Amino acid sequence: MPHLTSATAGSTGTGVRTALGIPGYAHPLVAPAQWAELARPGTPLDWVVLDVAAGPGSRPDPHCLEAAGRLRAAGVRVLGHLDLTYGARAFGELLSDAHHHLDWCRVDGFLLDRCPTERTALPEVRRAVTTLRAISDTTHIVLGHGRHPHPGYAEDADQLVTFAGSWSDYRWSQVAEWTADYPPDRFCHFVHSVPRGHLDEALRIARWQGAATVYFTDRTDRGGRVDPWEAMPGYWDDIVSLVGTGVSE
């Protein structure tokens, strides 16, 4: 199959313990039931991204603070959303948003969304990651590339999102060979438009490609017009049951 590019990559698929990474649902005031569901004991979550308003918002939000607090009480890591706009974001703005996330919602780390992938952008991203670790020494950093970046990025982040896109692209995707040098818990895959009948196949691809943090949804982006991640999948219970089974065979 196309996603099995080498014996090395395939070998990482055995014994992989998988968990869910939530890219960020709608505001807790708009989707209270979904946020409450995330805090349910036993849900196999790695982390949940809190995106108040394309970032931390302009002021403290008690609804977001409460939702984040419930998740932390359940032992779930909460990440603040930071938009790098592919390297165009001013460093001062990024740092200000990070401080607001920490002060207002007490996040445990950050998803640096729309992260560049090129080697030339690596020094600036490294500067941002180093600064974020300095202001919160326990912070968890996820770089949201959405595709395989230059391998140098793996040296700076806790995790990389190396796929974010549709099922039609994912089922024929290929893993970069350099990822075999790292354990599966370093990589995340976000896949939308996954039919219920293909959940097993999607999970097998993730495990064979060595990605231990995943998110699958039947929501679509409607040709790029809507955010497919902002609502819980219609088959949420199926995903929880499937991922919660532990390791691959």
Side-chain angles (χ1 to χ4, degrees), residues 12-52 62-81 101 105-111 138-142 144 158-159 161 163-164 167 170 183-192 194-219 228-249:
T12 64
T14 58
V16 175
R17 186 167 296 279
T18 311
L20 295 167
I22 308 301
Y25 288 152
H27 191 282
L29 188 60
V30 177
Q34 296 184 35
W35 285 91
E37 180 67 23
L38 292 177
R40 188 174 67 177
T43 304
L45 293 174
D46 192 353
W47 38 258
V48 175
V49 174
L50 182 63
D51 186 5
V52 181
H63 302 287
C64 291
L65 178 60
E66 180 183 1
R70 284 199 303 266
L71 287 170
R72 283 195 303 272
V76 179
R77 183 187 287 125
V78 179
L79 307 182
H81 180 275
H101 271 304
C105 291
R106 303 169 191 165
V107 298
D108 308 298
F110 303 97
L111 169 67
T138 60
T139 194
H140 185 84
I141 301 293
V142 180
D158 295 292
Q159 293 181 297
V161 180
F163 185 92
W167 168 243
Y170 188 60
D185 61 8
R186 299 293 300 279
F187 301 104
C188 316
H189 289 174
F190 300 157
V191 191
H192 65 75
V194 182
R196 183 188 298 268
H198 289 279
L199 280 175
D200 283 314
E201 182 183 355
L203 187 57
R204 283 197 300 270
I205 293 173
R207 286 170 168 165
W208 275 110
Q209 292 198 4
T213 299
V214 300
Y215 185 74
F216 306 132
T217 180
D218 53 353
R219 309 294 180 181
W229 320 118
E230 68 176 2
M232 187 168 278
Y235 43 55
W236 172 255
D237 288 341
D238 294 337
I239 293 179
V240 170
S241 177
L242 186 65
V243 173
T245 57
V247 299
S248 59
E249 298 179 356

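Model, not experiment: these values are computed from the prediction. Because only heavy atoms are used, hydrogens play no part in the values below, and waters and symmetry mates are left out as well, while side chains stay in. Residue numbers start at 1 and run along the sequence shown.
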Which word best sums up how the rings of F163 and H189 line up, parallel for under 30°, tilted for 30 to 60°, or perpendicular for over 60°? perpendicular
Can any side-chain N or O of H101 pair as donor or acceptor with the backbone N or O of H81 at less than 3.5 Å? yes
So W35 and Y25, would you call those rings parallel, tilted or perpendicular, with 30° and 60° as cut-offs? perpendicular
Under the criterion side chain to side chain contact (heavy atoms under 4.5 Å, CB included), I'd like the reasoning laid out for W236 against L38: C-alpha separation, chi angles, the key distance, then a yes or no. CA-CA 10 Å; W236 172 255; L38 292 177; 3.8 Å; yes
For A19, enumerate each residue passing the side-chain contact (heavy atoms from CB on, under 4.5 Å) test, keeping only those at least two apart in sequence or located in another chain. D46
Between the side chains of R204 and E201, is the shortest nitrogen-to-carboxylate-oxygen separation below 4.0 Å, so that they form an ion pair? no
Separation between CZ of F110 and CG of L50, rounded to the nearest 0.5 Å: 11.0 Å
To the nearest 0.5 Å, what is the distance between CD1 (I205) and CG (D200)? 11.5 Å
Ignoring hydrogens, what is the shortest heavy-atom contact between H27 and C64? Give both atom names and the distance. NE2-SG, 3.6 Å
Between D158 (side chain only) and V142 (backbone N and O only), is there a donor and an acceptor less than 3.5 Å apart? no
Would T138 and D108 count as a side chain to side chain contact (heavy atoms under 4.5 Å, CB included) here? Give the steps. CA-CA 7 Å; T138 60; D108 308 298; over 6 Å; no
For side chain to side chain contact (heavy atoms under 4.5 Å, CB included), just list the numbers for D237 and E37, CA-CA rounded to whole Å, side-chain angles, deciding distance to a tenth of an Å, and then say yes or no. CA-CA 10 Å; D237 288 341; E37 180 67 23; 4.3 Å; yes
Taking side-chain contact (heavy atoms from CB on, under 4.5 Å) as the criterion, tell me which of T213, I22, V78 meets it with W47. T213
D218 CG to M232 CE distance, which is reported to the nearest 0.5 Å: 11.5 Å
Passing option when H198 is tested against Y235, W167, Y170 for ring-ring contact (aromatic ring centres under 6.0 Å, His included): W167
Are the side chains of F216 and V243 in contact, using a 4.5 Å heavy-atom criterion? no
Using modelled atom types and a 3.5 Å cut-off, is there a donor and acceptor pairing between side-chain atoms of R106 and backbone atoms of R72? no
